[in-house]
Q: 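I have a structure I would like to understand better, so I am pasting it below and will then ask my questions one at a time.
Only a predicted model underlies this, so the values are computations on that prediction, with no experimental measurement involved. Residue numbering restarts at 1 for every chain, and letters A, B, ... go by the order of the sequence lines.
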Number of protein chains: 2
Amino acid sequence: MATGRNHRPATRSRGIPEATVARLPLYLRALTALSERSVPTVSSEELASAAGVNSAKLRKDFSYLGSYGTRGVGYDVEYLVYQISRELGLTQDWPVVIVGIGNLGAALANYGGFASRGFRVAALIDADPSMTGKQVAGIPVQHVDDLESIVHTNGVSIGVITTPGGAAQQVCERLVGAGVTSILNFAPTVLQVPEGVDVRKVDLSIELQILAFHEQRKAAEDLSRRDEEGPRGVAVPEGGRGEQGGDGDIPAVMPA
Amino acid sequence: MATGRNHRPATRSRGIPEATVARLPLYLRALTALSERSVPTVSSEELASAAGVNSAKLRKDFSYLGSYGTRGVGYDVEYLVYQISRELGLTQDWPVVIVGIGNLGAALANYGGFASRGFRVAALIDADPSMTGKQVAGIPVQHVDDLESIVHTNGVSIGVITTPGGAAQQVCERLVGAGVTSILNFAPTVLQVPEGVDVRKVDLSIELQILAFHEQRKAAEDLSRRDEEGPRGVAVPEGGRGEQGGDGDIPAVMPA
DNA sequence: TAGATTGTTAATCGATTAACAATC
DNA sequence: TAGATTGTTAATCGATTAACAATC
């Protein structure tokens, strides 16, 4: 679990399982696409297919939010978009700061998917004085010396760390000290945070290592299948589509 | 689950639970740090703390690999590094291609954490002719027209997609057609792939939305606590450290 | 009414964890 | 031998899923 609060069951938040919370953004994205195509209603089967999950799981997930569907008909797309957005807290404005404006920090600053979901890049922060004042994605880079005042001035509660690993813990402590209570960590470091601070880690290298494990397994299986079935024992794709994205317990990974 | 193969229980690979596989890279990173400090042995308690997990979980995870520890002593760091690397398939060379050399693709190309773990950026591919021939991270960008030959020539089995969402499915199909069987997808699209192809998705926007959900919940709790306990009901950090990274079922997120 | 689809139940499955016997 | 720590058991917990009654 990524939450640091232990005074309540860590896996439930207002009765909604953590696994369900992690899927709500997937549903929201699929619903947004339907909304843009002016589709008025959608069944659990259709929406589940678009989101890449099982329809029973989707209905169970929605049941935690309330009874927003109509039997025999399906779900009203606009209404569901609103309800999920509200549940996720996306109907309010979330100013975020990005600390560490290297390649990755710049990529995130340029990412267009923030604004539409209530996130606003309030400031970019870097330790390199020669970066100060430069514009990235139209936003001026500020020096890390001013971190605390930037957080206070903008009412920031979410911080994104894209520094090298060695600087991450110190940056984290300054962010937390200034009042940030949620951190998205791209640095290859396990951050130590006080109770009440949530950390999520994204780590590309870990994702690749998990892929390598399965890739290796496939090679081993193909070899053993050849042994079992004789030469030319090649697996035939059957057109199935596996679920994607969040494997139950996937730590994401990241840059050094 | 991110695996697309259904002919075996999706959650087990050679008897190792998916949740365990997802944690092996975390252990490996912590062990590598110990190795660099020339620490000869480590206990499950120490290593678990460094990796940010429960020590019982760590011992259970290692038990799937074999009995590599010594009771009363702990684990030999170097030996464990080797065993986990081997299990993950990191003792072999994995050429990868990155398709879509925008901000994010460039950030990944520059990422230093690949080579040390057996991954090698074999080629960078982009659809923009004006990018062709330019060097990014010392690697020349090649045109997407040559995708198939690039994959064949380099024996690539892992592809990274950092294109806009609209191009991702097509790129995916070309990669798969050329023989790629593992895909790390940063595009905001649920990819349809044939059986036997693994897809993992990293999506920054989803991670932020999950943080926003918890952030909103904290605000709501603080309000209700103030109601229950009267004014000044402020939570006191107790110095606990929650586990980070892979929440059981976390889809990772990404750029548009 | 007949057909469709939700919301929920209950069974199953996998993951987590404390506890402790085994053993270095 | 005494102390330390692993490897494993068993209990618990949470997540998934098929099935179907409820109901539009």
Q: Atom CG of Asp61(B) to atom C1' of dT6(D): distance rounded to whole Å?
A: 14 Å
Q: Is the distance from the ring center of Tyr111(B) to that of Phe114(B) below 6.0 Å?
A: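 Distance test on ring centres: under 6.0 Å, yes.
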Q: Quick one: does Phe213(B)'s side chain get under 4.5 Å of Leu90(A)'s, heavy atoms only?
A: no
Q: What integer distance in Å separates Ile16(A):CD1 from dG14(D):P?
A: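 Going from CD1 in Ile16(A) over to P in dG14(D) covers 15 Å.
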Q: dG7(D) phosphate, OP1 or OP2: any side-chain N/O from Tyr75(B) under 4.0 angstrom?
A: yes
Q: With sequence neighbours excluded, give me every salt bridge (charged side-chain N to carboxylate O under 4.0 Å, His left out) pair touching residues 60-74 of chain A.
A: Arg23(A)-Asp61(A)
Q: Can you sort out the partners of Asp93(B) under salt bridge (charged side-chain N to carboxylate O under 4.0 Å, His left out), two or more places apart, ordered by chain and number?
A: Arg120(B)
Q: Starting at the 5' end of nucleotides 19-24 of chain C, put B wherever the base has a protein heavy atom under 4.0 Å, S where only the sugar-phosphate does, and a dash everywhere else.
A: B-BBBB
Q: Could you check how far CD of Glu18(A) sits from P of dG14(C), rounded to whole Å?
A: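 Answer to the nearest Å: 22 Å.
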Q: Looking at the side chain of Ser44(B), which of dT6(D), dA15(C), dG7(D) is the nearest nucleotide?
A: dT6(D)
Q: Expressed in angstrom and rounded to an integer, what is the separation of Leu65(B) atom CG from dT8(D) atom C1'?
A: 15 Å
Q: So, does Ser43(A) get its side chain near the phosphate of dT5(C), meaning an N or O under 4.0 Å from OP1 or OP2?
A: no
Q: Do Glu215(A) and Gln92(B) have side chains that get closer than 4.5 Å, going by heavy atoms?
A: no
Q: What integer distance in Å separates Lys57(B):NZ from dA18(C):C1'?
A: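 The distance from NZ of Lys57(B) to C1' of dA18(C) comes to 14 Å, rounded to the nearest Å.
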Q: In this structure, how many angstroms lie between the C1' atom of dA11(D) and the NZ atom of Lys60(B), rounded?
A: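 Roughly 12 Å, once rounded to whole Å.
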Q: To the nearest angstrom, how far is Arg23(A) atom CZ from dG14(D) atom P?
A: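 The distance from CZ of Arg23(A) to P of dG14(D) comes to 15 Å, rounded to the nearest Å.
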Q: Would you please enumerate the stems DNA chain C participates in, each stem being three or more consecutive Watson-Crick or G-U wobble pairs with both distances under 3.5 Å?
A: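 DNA chain C stems, ordered by first number: C:3-24 with D:3-24.
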Q: Using a 4.0 Å heavy-atom cut-off across all strands, classify Phe62(B) as base, sugar-phosphate, or nothing.
A: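 It contacts nothing in the nucleic acid.
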Q: Please list, chain by chain and in numerical order, all residues satisfying side chain to side chain donor-acceptor pair (under 3.5 Å) with Ser63(A), sequence neighbours excluded.
A: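 Ser63(A) satisfies side chain to side chain donor-acceptor pair (under 3.5 Å) with no other residue.
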Q: Is it the case that more than 12 heavy atoms not belonging to Gln170(B) sit under 6.0 Å from its CD atom?
A: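 No, because the 6.0 Å sphere around CD of Gln170(B) holds 12 heavy atoms or fewer from other groups.
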Q: Show every ring-ring contact (aromatic ring centres under 6.0 Å, His included) that has at least one partner inside residues 20-51 of chain A, sequence neighbours left out.
A: Tyr27(A)-Phe62(A)
Q: Work out which heavy atom in Ile210(B) is nearest to a heavy atom in Ala22(A); give both atom names and the distance.
A: CD1-CA, 3.7 Å
Q: Using atom CG of Leu58(B) as one end and atom P of dA18(C) as the other, report the distance to the nearest whole Å.
A: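 Going from Leu58(B) (CG) to dA18(C) (P), I get 14 Å.
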Q: Taking only side-chain N and O atoms of Asn54(A), does any of them lie within less than 4.0 angstrom of OP1 or OP2 on dA18(D)?
A: yes
